[in-house]
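Order of the sequence lines fixes the chain letters, A, B, ..., with proteins taken first and strands second; residue numbering starts at 1 for each chain.
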There are 2 protein chains.
Amino acid sequence: MSMPFYSKHSKHYVAVDCIIFGFDQEKINILLHKRKFEPYSGGWSLFGGFLEENENLNNAAGRILHTLTGFSGVYLEQLFTYGDVERDKERVLSVAYFALINTERYSSVEGGDFDAVWIPLEELPDLVLDHKIMVNKALRRLRRKAASEPIGFELLPEKFTLPRLQKLYEAIYGEGFDKRNFRKKILSMGLLKKLDEKDKSGSKKGAFLFRFDKKKYDELLSEGLGFEL
Amino acid sequence: MSMPFYSKHSKHYVAVDCIIFGFDQEKINILLHKRKFEPYSGGWSLFGGFLEENENLNNAAGRILHTLTGFSGVYLEQLFTYGDVERDKERVLSVAYFALINTERYSSVEGGDFDAVWIPLEELPDLVLDHKIMVNKALRRLRRKAASEPIGFELLPEKFTLPRLQKLYEAIYGEGFDKRNFRKKILSMGLLKKLDEKDKSGSKKGAFLFRFDKKKYDELLSEGLGFEL
DNA sequence: AAAACAAGTGTTAGATTTACACTTTTTATT
DNA sequence: AATAAAAAGTGTAAATCTAACACTTGTTTT
């Protein structure tokens, strides 16, 4: 039997769509662009593309992200697979990924070749297809994970101040936190290394810079502990 | 342009695999069967099948579950999509679902037409392809969700005793809990209706039966509260 | 020198979690 | 009929965690 058993089954188009989150010191933004092909040409859309033959899913997500935005080496996580969508009468499965981007490093994207625009989460326009559903799911996932894994740091530069970190968490959860309680909790994990530098961009006094201590985190993980906010 | 824009892209086989959990008053079991076709014929396998043309993903999962096991109307949730797998040189994407089954209602499956066998989680044999990875992911998901959504009840008959419910949670988390603390917490949510009946199968004294109060749960949800263990 | 501005710092009350042991009810045994 | 056995059911106290709260520090600008 040279023909595989399953060759009688149907094959499907599979797309990968990326929900790209960024943080601009103030609020969470999503990278969108205006769709340039039918159907729904001109509508706000996530960045997506098609899975190619023999291309593994994670690679496809990375490739699409890189091709369309220039970003590479960023945090990417598979979110969910949407199978109800129909386009042109033929269904296209969409595997959604969400990406977390340090906007400082990649701010050059704004207004670039692909009409990519950072849009604040609170001002999200209508999106094409089921993309809004994807964004909402991604946001729920981000909220859940940010409390139990150190993924928030992906949205910040390597060195960051505590006030900045707090702003980030406040943006993610859409609520304010008490400064003292926040510091107490985040520092008590022992996963932030305080540096001798200060960042004076935010105040006259300046705030100390910190760095996430990945080594310590891996140690904690292997002891069965971890990051828990 | 009658041909859709994306018709130049490749199409892919898409399979759906189901991780089926059951609880037999003692431990968590997984429903497996021996694969009957190449490759890996004879190896322990999850239940799976191919997604058909114009069939939506959730329906495919339900269909596969029903066709192969006779179960219907059970809890089914999409888990993750695996895109690295290769079979016969040609990649088949697999969308994994996990199912929770009230074994009492469906005990007839054991030894049925499809060689379905309930195998205790702790005695899991090697599985075909990446199925073991799927099972582990499903288990992590079950553990997470069982603490924040009332999905545990899907594994029990409609009426159940508190000692039974506690056994279930102990099986899910692989550790023992204090009886008094467990009761206190689960009853404090106000989501269990105590019935006037007792189940005497487990002891001479008999234990009162309870029922999960879905109406109350929906009320709580709409108030922004919920199930939190 | 004073005003302005954000960074930084501790304590206390309340809530939640954990640890822990005896009584009740019924059936089976003598 | 009395007793033993077996699981169901029940309360409290200590410890931990969470939440609420206001002033001081360091630097720059005027």
Side-chain angles (χ1 to χ4, degrees), chain A residues 23-27 143 146-148 156-157 159-171 173-211 220 224-229, chain B residues 23-27 143 146-148 156-157 159-171 173-211 220 224-229:
Chain A
F23 175 64
D24 64 2
Q25 332 291 346
E26 256 315 295
K27 53 201 178 325
R143 284 180 174 154
S148 63
L156 293 173
K159 300 170 180 182
F160 50 85
T161 66
L162 290 187
R164 186 87 87 228
L165 182 64
Q166 181 171 350
K167 271 260 166 61
L168 168 63
Y169 274 89
E170 290 175 338
Y173 293 102
E175 57 179 309
F177 301 122
D178 180 273
K179 202 172 20 164
R180 287 165 285 192
N181 293 339
F182 180 82
R183 283 171 166 262
K184 211 184 310 169
K185 205 187 253 168
I186 201 106
L187 290 175
S188 73
M189 287 190 272
L191 292 173
L192 298 188
K193 246 204 306 252
K194 185 177 184 173
L195 306 179
D196 280 333
E197 301 168 70
K198 278 187 163 186
D199 171 3
K200 297 209 167 185
S201 66
S203 74
K204 291 157 185 171
K205 185 179 180 183
F208 278 102
L209 287 162
F210 289 78
R211 187 199 299 278
L220 284 192
L225 300 169
F227 182 94
E228 211 57 58
L229 206 69
Chain B
F23 175 64
D24 64 1
Q25 331 292 344
E26 256 316 295
K27 54 201 176 324
R143 284 180 174 153
S148 63
L156 292 172
K159 300 171 180 181
F160 52 85
T161 66
L162 290 188
R164 184 88 89 227
L165 182 63
Q166 181 170 352
K167 271 260 166 61
L168 168 63
Y169 275 89
E170 291 176 338
Y173 293 102
E175 56 180 311
F177 300 122
D178 179 273
K179 201 170 27 162
R180 285 165 287 188
N181 294 339
F182 181 82
R183 281 169 166 261
K184 211 186 309 171
K185 204 187 252 169
I186 200 105
L187 290 175
S188 73
M189 288 189 273
L191 291 173
L192 298 187
K193 245 203 309 249
K194 185 175 184 175
L195 306 178
D196 281 334
E197 302 168 68
K198 278 187 164 187
D199 170 3
K200 297 211 167 185
S201 67
S203 73
K204 289 156 184 169
K205 186 181 180 183
F208 278 103
L209 287 163
F210 288 77
R211 186 197 301 276
L220 283 192
L225 300 170
F227 182 94
E228 212 57 56
L229 205 71

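Taking atom CG of A/L165 as the reference point, atom C1' of C/dG8 lies 15 Å away to the nearest angstrom. Across the protein-nucleic acid pair, A/I186 atom CD1 and C/dT9 atom P stand 15 Å apart, rounded to whole Å. A straight line from NZ of A/K194 to C1' of C/dT9 spans 11 Å, rounded to a whole angstrom. For the pair B/K185 NZ and D/dT10 C1', the interatomic distance rounds to 18 Å; values are reported in whole Å. Atom CE in A/M189 sits roughly 14 Å away from atom C1' in D/dC17 (whole-Å rounding). Rounded to whole Å, atom P of D/dG9 lies 12 Å from atom CZ of B/R164. Atom CG in B/D199 sits about 10 Å away from atom P in D/dG9, given to the nearest Å.
Counting heavy atoms from C-beta on, the side chains of A/M189 and A/L229 come closer than 4.5 Å. At a threshold of 4.5 Å between non-hydrogen side-chain atoms, the residues A/S201 and A/R164 count as touching.
Shown here for B/D24 and B/K27, the closest heavy-atom pair between the two residues is OD2-NZ, 2.6 Å. Among all heavy-atom pairs drawn from A/N181 and A/D178, the shortest one is N-OD1, 2.9 Å. A pairwise comparison of heavy atoms in B/K167 and B/F23 identifies C-CZ, 3.9 Å as the closest pair. Closest of all the heavy-atom pairs between A/A146 and A/Y173 is CB-OH, 3.5 Å.
Taking every heavy atom of residues 174-184 of chain A and every atom of DNA chain C, pairs under 4.0 Å involve A/K179, A/R180, A/R183, A/K184, by number.
Sequence order on DNA chain C of the closest nucleotides to A/S203 and A/L187 puts A/S203 first from the 5' end.
Between A/F177 and A/F182, the angle of the ring planes stays under 30°, which puts this pair in the parallel group of the 30/60° scheme.
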Practice task
Would you sort out whether A/L191 and A/F227 count as a side chain to side chain contact (heavy atoms under 4.5 Å, CB included), showing the intermediate values?
Solution key: CA-CA 8 Å; A/L191 292 173; A/F227 182 94; 4.0 Å; yes
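Residues passing the side-chain contact (heavy atoms from CB on, under 4.5 Å) test with B/K159, sequence neighbours excluded: B/L195, B/E197, B/L209, B/R211.
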Which pairs, protein N/O on one side and nucleotides 24-29 of chain C N/O on the other, fall under 3.5 Å?
unit_1, atom_1, unit_2, atom_2, d
C/dT24, O2, B/K205, NZ, 3.0

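Comparing C/dG8, D/dG9, D/dT18 by their nearest atom to the side chain of A/F208 picks out C/dG8.
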